Amino acid sequence: MRLWPRSLFGRLLAIAGLSTVAALLFAGFTIGHVLERFVMRGFDDRLDAQVAVIARAVRRDGTLDTARAVDLPGFDERGSGWVWQVEGPTGQRWASTTDAVAPIRTRPQPDRPPHPRDAADPVPGESRGTAGEPLHSRTLSIATPAGAVIVTAIGPRRIIAAPIREAMAPLLLSLLLLGVGLAIATLLQLRIGLRPLRALKESLVEVRAGRQRHVPRDQPRELAPLVEELNALIDQNEAGLAHARQHVANLAHGLKTPLTALALKLAESGRDADGSLGDMIRQIDGRVRHHLGRARVAAPGGGRVRTMLAPAIADLIAVLRGIHAARGIEASIFVPPSIGVAVDPQDLDELLGNLLDNAWRHARSAIRVDVVLKGTAVIVSIEDDGPGIDDAAIAEAFLPGRRLDERGDGHGFGLSIARELAELNGGSLELTRSPQLKGLRADIQLPAQ
């Protein structure tokens, strides 16, 4: 199982999403903590004010002057949870007239004494009311000649929780809206930031189709070295392929002339009475012409020309009608006039000519040619109503040098040449059973231009 997506867009989006969520969680926690401290400070100030009032009512002998012990707002309401209490040095206790509380637990503070008896300022503490509700306290130790007097003011913690809840609702909504805004901004950033990669891919498609020779050099700084390397690789491949094509062309031309002379000598001397030697020479000549065709195919990124299919197929059909006039084959042609392919005209004639000739020779009464455009590819379908080829024979039909017609199946050596020419031009050739005419169907896929 992959933890990271395979695409750059997915990886960058995942990193941005995780970072945004982490940042929002940290911001929410930090703001909530600051808000709690702010509310707690106001709560402590309120308790400290009551502690100060009670502290002024403590006499020098460690007793409490109850007449001066004034209850500030909140402490004078029974059941409100606001309580103050005083513990004298001799164990005497005074408290407000409201609810009593459980024993106070002083909360240790790193910068305060561990016990209120040793503290000069009020220290915080936690306790619970008679009903178990959480309370917060502030405790002050007052030194008197009779001993220390402990003054404590207590308030309900719900006073802190209520404003925090009220403030957190809009805070969380704001963080949610901020997260949505950041998500939209991230998507836009990735779309815009990765656009040069999509443009680079489209430029490579143009180079492969032959509409451009090089990838444009006007690229972002980060992609400029990659573009330079790609263009250098294109030039290197083009030079190597040009050398290979020239070598093949020279070899094919060197063989073609002796083969022609040999065929003439055999015909003059009468040594080929049964025609077998001439047939072998024609096979060799076919292979030579095939390699000459390969030499003509432009290299990837080279200057492929645009060949319109309608006139090319029309010319081939006219020639084949004349050649096979005695057979009376009906040809149905469906070729849109505006479709062209990125194939050399001579290669296209040899490719389609082999397939059309096969269809014409083996059809009983009809052939059909259809051309459709699918994205950046053109599909040329040639069908006949002949006996066709079974699945086992289709694989053998593409083996170089195999002549299935010698075994009676009627489809010959040109199929392997046609398939290789299609592949050399960036396409493909497949043979299947025709669903309409019930014979053989050849589907040729070629790059559109």
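Keep in mind the model is a prediction, meaning the values are calculated, not measured. Computed from heavy atoms alone, side chains included, the values below leave out hydrogens, waters and symmetry copies.
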Which pair of non-hydrogen atoms, one from [X] and one from [Y], has the smallest distance, and what is that distance?
X: Val215; Y: Val207; result: N-CG2, 4.0 Å
X: Gly32; Y: Met168; result: CA-SD, 4.0 Å
X: Ala359; Y: Ile382; result: CB-CG2, 3.9 Å
X: Val227; Y: Pro216; result: CG1-O, 3.5 Å
X: Ala448; Y: Val378; result: CB-CG2, 3.5 Å

Check this for me, if you would: do Asp45 and Arg41 make a salt bridge, where the nitrogen-to-carboxylate-oxygen distance has to be below 4.0 angstrom?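 Salt bridge: no.
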Is the Trp82 ring parallel, tilted or perpendicular to the Phe43 ring (thresholds 30°, 60°)?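 If you compare the ring of Trp82 with that of Phe43, the planes turn out perpendicular.
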Any side-chain heavy atom of [X] sitting closer than 4.5 Å to one from [Y]?
X: Arg368; Y: Glu330; result: no
X: Leu135; Y: Val83; result: no
X: His136; Y: Ile159; result: no

For [X], check side-chain contact (heavy atoms from CB on, under 4.5 Å) against everything at least two apart and list the hits.
X: Leu230; result: Leu200, Leu204, Leu226
X: Leu72; result: Ala49, Gln50, Val53, Phe75
X: Arg433; result: none

Quick one: does Asp370's side chain have a donor or acceptor within less than 3.5 Å of a partner on Ser381's backbone?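 A pair under 3.5 Å: no.
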Side chain Arg327, main chain Trp360, donor-acceptor under 3.5 Å: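 Answer holds: yes.
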